[in-house]
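All of these numbers come straight from a predicted model, not from anything done at the bench. Chain letters run A, B, ... following the sequence lines, proteins first, then strands; residues in each count from 1.
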Protein chains: 2
Amino acid sequence: MKKSEASRRRILDAAAKMFRDKGYAATTLNDIARLARMRAASIYYHFESKDSLFAEVMDIGIDRIHDQVRRAVAALPDGASHRRKVHTAIETHLATLLKHSDYTAANIINFGLAPAPIRRRHRGRREAYGDYWRELLGAAQAAGAIRPGVDLSLFRLFVIGALNWSQEWYRPKGKSIAELADDVTAMVFDGVAGEG
Amino acid sequence: MKKSEASRRRILDAAAKMFRDKGYAATTLNDIARLARMRAASIYYHFESKDSLFAEVMDIGIDRIHDQVRRAVAALPDGASHRRKVHTAIETHLATLLKHSDYTAANIINFGLAPAPIRRRHRGRREAYGDYWRELLGAAQAAGAIRPGVDLSLFRLFVIGALNWSQEWYRPKGKSIAELADDVTAMVFDGVAGEG
DNA sequence: ATTTCTAACGAACAGTAGTTAGAAAAATGG
DNA sequence: CCATTTTTCTAACTACTGTTCGTTAGAAAT
């Protein structure tokens with residue numbers, strides 16, 4: 001009862017990588033099977049269908065980033081400023097997306113184009129992560145770390161959107177993820193305007 | 001010599017819409033043909049292949065937004081501030097993407113997952129648009145409208161990324177595009193930080 | 001009136017997709 | 001070592017993909 005677990009994991013890992021690289025529709029079960037060192041038909045011993053395999057990858061992806069971000073913020077010392085909390089959330093979101101998890105990357109790349117039923121099935125999990133950010137930013141605004149006039153809903157969509165889009169341009173040879181997180185946090189909190 | 005043009009256009013419009021809704025790989029020539037009120041085989045009278053049809057949609061998409069943004073900024077009165085120029089660029093980018101052009105929306109949705117040869121073919125056009133923004137922001141920084149320390153390259157990627165991502169959440173019933181542009185511009189120029 | 005061109009069609013092609021069935025191999029446990 | 005279960009395989013199926021082909025109805029040109 002151990003080999004099955006390992007194979008399942010190999011398939012999931014391969015699927016996450018392929019879905020991330022080529023997207024759901026363009027990824028074939030043969031692609032996944034090759035990467036997992038088995039035949040396409042064998043996948044059916046572990047998963048019901050391509051759809052259900054995809055759904056599981058998507059679930060893991062969102063759960064993972066939600067978990068990581070929540071955990072990292074919670075691990076901050078008790079007196080941590082709200083700005084620092086947001087900074088940590090940004091950095092962890094970026095790190096999970098760009099470095100640690102093919103699942104999360106696959107989730108974010110594929111969500112927009114995913115077939116409607118799958119997207120519906122996932123809305124709950126997505127919103128849970130969104131709600132966490134809502135809390136985080138709400139608390140920051142209540143404490144005065146974010147100006148009262150700011151539309152938090154837009155701010156959240158804007159920042160998370162910019163972070164998610166980083167998949168399109170991020171290359172490991174440039175700025176480190178920590179540096180990116182620093183710059184981005186400074187940019188959105190302090191703005192870029194000069195004296196002009 | 002007029003009917004052909006009209007059919008070609010109908011196919012392109014249908015393709016742009018389908019590619020935007022379902023993505024390149026998931027869109028079938030049958031989908032496109034149905035929307036264009038003809039049979040899949042007839043598409044081949046006007047286009048060489050699915051790939052070349054896709055390539056043309058992508059070209060039109062990037063050209064259109066580049067053109068619109070450039071035109072809108074150029075149309076500003078002579079003494080317009082750099083901040084106002086950037087604001088106009090943001091608003092026009094958003095409007096083209098979200099309201100005016102299925103082609104642009106299709107381009108942005110599909111670029112990341114597009115097959116490598118097609119992406120290569122497009123890098124030039126994409127960079128041309130990126131270069132325009134580079135100019136715009138460079139001039140703003142040189143004139144002091146953007147603080148000297150700001151990493152313009154990151155700022156550009158960050159802002160355009162956030163704008164592009166708006167496709168995932170924008171719904172016409174919420175804030176208008178003009179309002180969004182106002183808020184976003186204020187956010188990135190002035191920041192959201194409170195007294196804290 | 002005849003020929004040529006235009007724009008679309010239906011039928012069919014080869015290839016590949018996801019999927020199923022059943023045989024073969026590997027692993028397990030007594 | 002055998003019997004049984006677990007895992008993977010080969011082979012095949014159906015459905016559908018992008019694409020080609022030969023044909024056709026009508027318009028334009030001769």
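In the model, Arg70(B) has a side-chain atom that pairs as donor or acceptor with a side-chain atom of His66(B) under 3.5 Å. Side-chain contact check for Tyr103(B) and Asp13(B): at least one donor-acceptor pair (N or O, by modelled atom type) lies under 3.5 Å.
With hydrophobic clusters built from ILVMFWY side chains whose heavy atoms lie under 4.5 angstrom apart, Phe189(A) shares a cluster with Val184(B).
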Solution key, residues 106-114 of chain A side-chain donor-acceptor pairs under 3.5 Å, sequence neighbours excluded:
{"from": "Asn107(A)", "atom 1": "OD1", "to": "Arg126(A)", "atom 2": "NH2", "distance (Å)": "2.5"}
{"from": "Asn107(A)", "atom 1": "ND2", "to": "Met58(A)", "atom 2": "O", "distance (Å)": "2.8"}
{"from": "Asn110(A)", "atom 1": "OD1", "to": "Tyr24(A)", "atom 2": "N", "distance (Å)": "2.8"}
{"from": "Asn110(A)", "atom 1": "ND2", "to": "Phe19(A)", "atom 2": "O", "distance (Å)": "3.0"}
{"from": "Asn110(A)", "atom 1": "ND2", "to": "Ala106(A)", "atom 2": "O", "distance (Å)": "2.9"}

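If you take CZ of Arg34(B) and P of dC16(D), they are 12 Å apart, rounded to a whole angstrom.
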Walk along nucleotides 8-19 of chain C from 5' to 3' and tag each nucleotide B, S or - by protein heavy-atom contact under 4.0 Å, base first, then sugar-phosphate. SBB------SSB
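Looking at Arg147(A) and Asp190(B), no side-chain N of the basic residue comes within less than 4.0 Å of a carboxylate O on the acidic one, giving no salt bridge.
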